[in-house]
Student: 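Have a look at the structure that comes next, please.
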Amino acid sequence: MRLVRIGRLRNALSACNVLETASDLKVSTGRNYCESLEGGEGKELTDTQLPESADIVKNPAAIEFCGAIRLSWESGSIDYSIMGDGATILAPASENIKNADVTQIRRMVRIENRTSYYEYICNEQKADELVL
């Protein structure tokens, strides 16, 4: 059984997370256009508190993937190869992955556009590819 190094898989999964960058950009833009961003009692808001003060809630990123991969956590494992239309896990769940069996994977394809992702997995994905 060939196991992929978890760090490498986490890097690939986190590379799919564009929301973090977008969130950072919104915070810096908010700071540039507001003279004083203060919380209660004259305290400056942190980068986390700033969006929350405007009722913007940061949700965890969803990681979509499709392919013959089996992910294992302490509590058990899931074989995603049966999910022909792909699967989704939240980014915090990816941080706790203990093992990733990619024995059947020969190529990893990363597609950033969601429409292109679905078009690819429905029409072009080969059995030995993991599409992110």
Side-chain angles (χ1 to χ4, degrees):
M1 175 180 357
R2 191 179 89 194
L3 297 177
V4 69
R5 292 183 59 189
I6 298 305
R8 181 178 285 168
L9 179 64
R10 280 194 191 122
N11 289 342
L13 294 175
S14 66
C16 297
N17 183 3
V18 179
L19 297 178
E20 294 295 326
T21 305
S23 177
D24 293 344
L25 179 61
K26 289 175 192 171
V27 169
S28 65
T29 303
R31 290 200 183 284
N32 289 337
Y33 287 97
C34 297
E35 289 180 21
S36 174
L37 295 171
E38 295 182 353
E41 303 172 14
K43 295 179 182 175
E44 187 172 324
L45 295 174
T46 66
D47 288 351
T48 304
Q49 294 168 329
L50 176 63
E52 290 172 356
S53 70
D55 293 328
I56 299 171
V57 179
K58 183 177 177 181
N59 292 318
I63 302 165
E64 297 179 276
F65 57 96
C66 187
I69 185 170
R70 182 182 186 91
L71 300 177
S72 299
W73 292 265
E74 270 188 36
S75 58
S77 61
I78 301 173
D79 183 359
Y80 289 99
S81 63
I82 63 170
M83 306 289 207
D85 294 328
T88 304
I89 61 173
L90 296 179
S94 72
E95 295 170 7
N96 299 320
I97 295 172
K98 299 296 180 196
N99 292 314
D101 180 356
V102 291
T103 323
Q104 299 171 7
I105 301 297
R106 298 285 173 249
R107 180 173 176 223
M108 191 171 358
V109 179
R110 182 170 169 243
I111 302 174
E112 292 192 26
N113 179 289
R114 195 174 209 186
T115 302
S116 298
Y117 166 82
Y118 282 110
E119 179 72 23
Y120 188 87
I121 66 172
C122 291
N123 299 313
E124 298 177 43
Q125 183 181 13
K126 296 174 180 61
D128 63 350
E129 292 178 329
L130 175 63
V131 182
L132 300 168

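Excluded from the calculations below are hydrogen atoms, water molecules and symmetry mates; all remaining heavy atoms, backbone and side chain alike, are included.
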Student: Closest heavy-atom contact between M108 and L132?
Tutor: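 It is SD-CD1, 3.3 Å.
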Student: Restricting to salt bridge (Lys or Arg N to Asp or Glu O under 4.0 Å), what partner residues turn up for E124, sequence neighbours left out?
Tutor: none
Student: Heavy atoms only: give me the nearest I89-S94 pair and the separation to one decimal.
Tutor: CD1-CB, 4.2 Å
Student: Nearest heavy-atom pair of A100 and L71: which atoms, and what distance?
Tutor: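 Heavy-atom minimum between the residues: CB-CD2, 3.7 Å.
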Student: Looking at CH2 of W73 and CD1 of I78, how far apart are the two atoms once the value is rounded to the nearest 0.5 Å?
Tutor: 4.5 Å
Student: For residues 80-87, which side-chain N or O atoms pair as donor and acceptor with protein atoms under 3.5 Å away, sequence neighbours left out?
Tutor:
residue	atom	partner	partner atom	Å
S81	OG	D79	OD1	2.7
S81	OG	D79	OD2	3.3

Student: So, using side-chain hydrogen bond (donor to acceptor under 3.5 Å, both in side chains) as the criterion, who are the partners of Q125 when residues are at least two apart?
Tutor: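 Per chain and number, Q125 pairs via side-chain hydrogen bond (donor to acceptor under 3.5 Å, both in side chains) with no residue.
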Student: What pairs of residues pass the ring pair (Phe, Tyr, Trp, His ring centres under 6.0 Å) test when at least one of them lies in residues 95-115, not counting sequence neighbours?
Tutor: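 Residue pairs with at least one partner in residues 95-115: there are none.
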Student: Check side chain to side chain contact (heavy atoms under 4.5 Å, CB included) between S116 and all other residues, then give those that pass, not counting sequence neighbours.
Tutor: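 For S116 the side chain to side chain contact (heavy atoms under 4.5 Å, CB included) partners, ignoring immediate neighbours, are I111, N113.
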Student: What's the separation between atom OG in S72 and atom CG in N99, rounded to the nearest 0.5 Å?
Tutor: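 One finds 5.0 Å between OG of S72 and CG of N99.
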Student: Evaluate E112 against Y117 for side-chain hydrogen bond (donor to acceptor under 3.5 Å, both in side chains), listing each step before the verdict.
Tutor: CA-CA 7 Å; E112 292 192 26; Y117 166 82; over 6 Å; no
Student: Under 4.0 Å between a Lys/Arg side-chain N and an Asp/Glu carboxylate O for E74 and K98?
Tutor: yes
Student: How many angstroms lie between CD1 in I105 and CD1 in I69, if you round to the nearest 0.5 Å?
Tutor: 6.5 Å
Student: Check step by step if side-chain contact (heavy atoms from CB on, under 4.5 Å) holds for L130 and C66.
Tutor: CA-CA 6 Å; L130 175 63; C66 187; over 6 Å; no
Student: With S77, which residues qualify under side-chain hydrogen bond (donor to acceptor under 3.5 Å, both in side chains), at least two apart?
Tutor: R70
Student: Rounded to the nearest 0.5 Å, what's the gap from NZ on K126 to OH on Y120? Could you check?
Tutor: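 Atom-to-atom, K126:NZ and Y120:OH are 5.0 Å apart.
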